[in-house]
Amino acid sequence: MHALDVLGDPVRRRILELLADGESSAGELAETIGAEFGISQPAVSQHLRVLREQGFASVRPEGRRRLYAVDAAGPRAASEWLSAFDRSWVPRLAALDTELARGRRQRRLDAERDSTTEG
């Protein structure tokens, strides 16, 4: 499964959003996701399994609980794939930044000129 296929599912994206705030138990995740999406605990467990298997989440046992956390490997893989498209938008953003800086500089120069002519 491709990293973006994993992120294409709104339930898995929401689980990752919850995990971005820190570790959560499977039970806590199932309760929150179940309430928000109306799905069962086994369905949430299947999404957690996909996230684990695809490198987006890690799990560690703590007593009887299983604590999930974001695993950086999955988001890194998605970012690396997307970075191939940087060449199409990064230069445009750089050009926009240059134009914004020119505008700020011109406004500053105009304000300085106006303040010296008024005084």
- Please report the C-alpha distance between Arg108 and Arg105 in whole Å, then the side-chain angles of each, then the deciding distance to 0.1 Å, and finally whether the side-chain contact (heavy atoms from CB on, under 4.5 Å) criterion is met. CA-CA 5 Å; Arg108 189 181 71 244; Arg105 181 177 181 271; 3.8 Å; yes

- Task: Can you tell me which residue pairs pass the ring-ring contact (aromatic ring centres under 6.0 Å, His included) test with a partner in residues 3-36, sequence neighbours excluded?
- Result: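 Those involving residues 3-36 do not exist here.
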
- Query: Taking only residues at least two apart or on different chains, which pairs with a member in residues 42-84 satisfy ring-ring contact (aromatic ring centres under 6.0 Å, His included)?
  - Reply: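 Applying ring-ring contact (aromatic ring centres under 6.0 Å, His included) to every pair that reaches into residues 42-84, excluding sequence neighbours, yields His2-Trp81, Trp81-Phe85.
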
- Item | Shortest non-hydrogen separation from Ala57 to Leu19 and the atoms involved |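 Taking Ala57 first and Leu19 second, the nearest heavy atoms are CB-CD1, 4.3 Å.
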
- Closest non-hydrogen atom pair, Ala3 against Gly74: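 Where Ala3 meets Gly74 most closely, the heavy atoms are CB-O, 4.3 Å.
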
- Message: Could you see if Val70 belongs to whatever hydrophobic cluster contains Val11? Use Ile, Leu, Val, Met, Phe, Trp, Tyr and a side-chain cutoff under 4.5 Å.
- Response: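 Yes, Val70 connects to Val11 through the hydrophobic network.
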
- Message: Between Leu18 and Leu67, is there shared hydrophobic-cluster membership here, with clusters defined by ILVMFWY side-chain heavy atoms closer than 4.5 Å?
- Response: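 They do not share one cluster, since no chain of ILVMFWY contacts under 4.5 Å joins Leu18 to Leu67.
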
- Message: For Arg76, give me all partners under side chain to side chain donor-acceptor pair (under 3.5 Å), at least two apart in sequence or on another chain.
- Response: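 Result, side chain to side chain donor-acceptor pair (under 3.5 Å) vs Arg76: none returned.
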
- Query: Taking only residues two or more places apart in sequence, or in another chain, which ones meet Ser45 in a side chain to side chain donor-acceptor pair (under 3.5 Å)?
  - Reply: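 With sequence neighbours excluded, Ser45 shows a side chain to side chain donor-acceptor pair (under 3.5 Å) to Gln41, given in chain and number order.
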
- Query: Would you say Ser79's side chain and Pro75's backbone share a donor-acceptor pair under 3.5 angstrom?
  - Reply: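 Looks like no, no N/O pair under 3.5 Å.
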
Please tabulate, for side-chain N and O atoms in residues 26-36, each donor-acceptor pair with protein atoms closer than 3.5 Å (sequence neighbours left out).
unit_1 : atom_1 : unit_2 : atom_2 : d
Glu28  : OE1    : Ser25  : N      : 3.0
Glu28  : OE1    : Ser25  : OG     : 3.4
Thr32  : OG1    : Glu28  : O      : 3.1
Glu36  : OE1    : Arg14  : NE     : 2.7
Glu36  : OE2    : Arg14  : NE     : 3.4
Glu36  : OE2    : Arg14  : NH2    : 3.0

- Item | Presence of salt bridge, Asp110 and Arg107, under 4.0 angstrom |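 No, no charged N to carboxylate O under 4.0 Å.
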
- Item | Inter-residue atom distance Leu100.CG - Leu96.CG, 0.5 Å rounding |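 Here the interatomic distance stands at 4.5 Å.
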
- Please identify each residue that fulfils side-chain contact (heavy atoms from CB on, under 4.5 Å) with Glu53, with sequence neighbours left out.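 Counting only residues at least two positions away or on another chain, Glu53 forms a side-chain contact (heavy atoms from CB on, under 4.5 Å) with Arg49.
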
- Query: In a check of side-chain contact (heavy atoms from CB on, under 4.5 Å) between Arg12 and each of Leu7, Leu51, Leu48, Asp5, which one passes?
  - Reply: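 Only one option passes, and that is Leu51.
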
